[in-house]
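Structure first, commentary second.
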Amino acid sequence: ILPERIGSPEALAQLGAWRPELIVVASFGQFIPAAVRQLPSRGIINVHPSLLPKYRGAAPLQWSIACGETVSGVTIFHVVREMDAGDIILQERHPILPDETAVALSDRFARIGADLAVRAADLLETGNAPAIPQDTNEATYAPKISKDDGRVDWAMSAAELHNRVRGFQPWPGVYFDAGKGLVKVWRSRVEEGRGRPGEVIDISREGPLVMTGNGALRLLEVQPEGKKIMPADAFLCGQKWSVGIILPAI
């Protein structure tokens with residue numbers, strides 16, 4: 001059972017009663033106070049889905065994809081007071097596949113992270129665990145995602161928007177104003193095109209092609225407000241879209 005506050009007297013009493021040698025955390029959104037960090041004899045280690053010191057923070061996996069990274073990984077490190085700044089025990093690099101979403105990458109990295117955490121625990125038990133300091137000059141940050149991060153700005157490039165479609169799944173997604181409410185984009189593709197940002201420059205059986213600040217974005221699967229995910233061409237059946245219209249900004 002996850003306590004409301006990991007540093008509460010009740011949580012400290014329970015952890016102390018267990019007398020842990022090692023605590024492993026993953027996707028843990030609370031600050032861990034010194035009183036908790038001092039309980040386990042071998043410390044606390046964290047499973048973090050990025051190549052630290054890159055993408056420290058709450059949403060490393062999502063921002064890695066949204067920023068167009070093609071390589072990421074999993075890091076096991078010692079928890080210290082500063083966020084995601086402790087010495088590294090193990091780290092593995094892995095590719096981000098071209099159309100991989102945050103949901104798929106999270107599942108894959110969870111399996112990798114579980115294996116690395118077991119290996120790190122074994123190294124700590126035998127006293128052979130490395131402790132590699134992070135270079136703070138190389139640190140970048142992945143802040144908590146807000147709903148506004150999913151808002152489409154057609155002046156962005158098609159590649160940026162496509163990466164956000166992949167990275168911001170399942171929440172908040174990437175969404176735009178279709179004139180009759182917001183529409184979330186679940187699947188897209190980058191294509192070439194000419195026109196003004198937000199202009200529909202082609203309509204095909206696959207879905208509409210919308211011009212951006214650089215390149216065009218083919219909408220393949222969408223979800224109108226209050227409805228299920230559907231192919232973009234099925235969505236168009238209920239719309240009066242035509243080539244040349246400009247989608248409104250939000």
Side-chain angles (χ1 to χ4, degrees), residues 1-67 69 71-96 102 105-146 149 167 171:
I1 298 174
L2 179 65
E4 185 175 341
R5 290 190 306 110
I6 192 63
S8 67
E10 297 79 11
L12 283 171
Q14 181 62 77
L15 288 170
W18 287 336
R19 301 177 63 185
E21 291 186 26
L22 176 70
I23 294 176
V24 181
V25 294
S27 301
F28 191 70
Q30 297 185 36
F31 172 75
I32 301 176
V36 176
R37 298 197 304 270
Q38 293 166 1
L39 282 173
S41 58
R42 302 187 191 280
I44 301 177
I45 61 174
N46 192 1
V47 183
H48 189 81
S50 83
L51 296 173
L52 290 174
K54 301 293 187 183
Y55 294 101
R56 294 177 177 178
L61 189 145
Q62 292 90 337
W63 282 112
S64 294
I65 295 176
C67 291
E69 301 286 359
V71 175
S72 185
V74 179
T75 303
I76 310 295
F77 67 98
H78 290 282
V79 172
V80 295
R81 177 178 175 81
E82 186 181 352
M83 180 181 64
D84 299 334
D87 291 348
I88 293 171
I89 303 171
L90 293 172
Q91 187 175 84
E92 278 191 2
R93 297 169 61 89
H94 292 273
I96 298 176
L105 187 61
S106 179
D107 289 344
R108 185 157 65 89
F109 276 11
R111 294 189 293 271
I112 293 168
D115 177 66
L116 285 179
V118 171
R119 288 167 53 191
D122 289 341
L123 290 170
L124 287 165
E125 185 176 17
T126 59
N128 296 316
I132 304 168
Q134 295 188 39
D135 184 352
T136 56
N137 293 323
E138 296 294 323
T140 61
Y141 294 88
K144 185 178 180 180
I145 296 169
S146 70
D149 289 320
W171 188 90

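Below, each value reflects all heavy atoms present in this structure, side chains not excepted, and no hydrogens, waters or symmetry copies.
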>> Could you tell me if the side chain of Ser72 sits less than 4.5 Å from the side chain of Tyr55, heavy atoms only?
In response: no
> How would you list, by chain and number, every residue that makes a side chain to side chain donor-acceptor pair (under 3.5 Å) with Arg81, sequence neighbours excluded?
Replying inline: none
> Looking at residues at least two apart in the chain, or sitting in another chain, which of them share a side-chain contact (heavy atoms from CB on, under 4.5 Å) with Arg93?
Replying inline: Leu51, Val71
>> Listing request: all side-chain hydrogen bond (donor to acceptor under 3.5 Å, both in side chains) pairs with a residue in residues 106-116, at least two apart in sequence or in separate chains.
In response: Glu100-Arg108
> Which atom pair, heavy atoms only, marks the closest approach of Ser146 to Trp171?
Replying inline: C-CH2, 3.9 Å
> Glu10: what forms a salt bridge (Lys or Arg N to Asp or Glu O under 4.0 Å) with it, not counting sequence neighbours?
Replying inline: none
> How would you list, by chain and number, every residue that makes a side-chain contact (heavy atoms from CB on, under 4.5 Å) with Ala120, sequence neighbours excluded?
Replying inline: Ile45, Ile76, Ile89, Leu90
> How many angstroms lie between atom NE2 of His48 and atom NZ of Lys54, to the nearest 0.5 angstrom?
Replying inline: 12.5 Å
> What residues form a side chain to side chain donor-acceptor pair (under 3.5 Å) with Thr136, not counting sequence neighbours?
Replying inline: none
>> Looking at Glu69 and Ile96, would you say the former's side chain and the latter's main chain have a donor-acceptor pair under 3.5 Å?
In response: no
> Taking only residues two or more places apart in sequence, or in another chain, which ones meet Asn137 in a side-chain contact (heavy atoms from CB on, under 4.5 Å)?
Replying inline: Asp135
Contacts under 3.5 angstrom, residues 57-67 side chains, donor-acceptor by atom type, not counting sequence neighbours:
unit_1: Trp63; atom_1: NE1; unit_2: Pro143; atom_2: O; d: 2.8
unit_1: Ser64; atom_1: OG; unit_2: Pro60; atom_2: O; d: 2.7

> What distance do Ile88 atom CD1 and His78 atom NE2 have between them, rounded to the nearest 0.5 Å?
Replying inline: 10.5 Å
>> Nearest 0.5 Å, please: how far is CZ in Phe77 from CD in Gln91?
In response: 11.0 Å
> Given side chains that start at C-beta, do those of Ile44 and Val25 come closer than 4.5 Å, heavy atoms only?
Replying inline: yes
>> Does anything in residues 21-47 form a salt bridge (charged side-chain N to carboxylate O under 4.0 Å, His left out)? List the pairs, not counting sequence neighbours.
In response: Glu21-Arg42
>> Testing the basics here: between Thr75 and Ser50, what is the closest heavy-atom pair and its distance to 0.1 Å?
In response: OG1-O, 2.6 Å
Please tabulate, one pair per line, all N/O donor-acceptor pairs under 3.5 Å involving side-chain atoms of residues 124-134, not counting sequence neighbours.
unit_1: Thr126; atom_1: OG1; unit_2: Asp122; atom_2: O; d: 3.2
unit_1: Thr126; atom_1: OG1; unit_2: Leu123; atom_2: O; d: 3.2
unit_1: Thr126; atom_1: OG1; unit_2: Asn128; atom_2: ND2; d: 3.1
unit_1: Gln134; atom_1: OE1; unit_2: Arg56; atom_2: NE; d: 3.3
unit_1: Gln134; atom_1: OE1; unit_2: Arg56; atom_2: NH2; d: 3.0
unit_1: Gln134; atom_1: NE2; unit_2: Asp84; atom_2: O; d: 3.0
unit_1: Gln134; atom_1: NE2; unit_2: Gly86; atom_2: O; d: 2.8

>> Using the side chain to side chain donor-acceptor pair (under 3.5 Å) criterion, which residues pair with Glu92? Sequence neighbours excluded.
In response: His94, Arg119
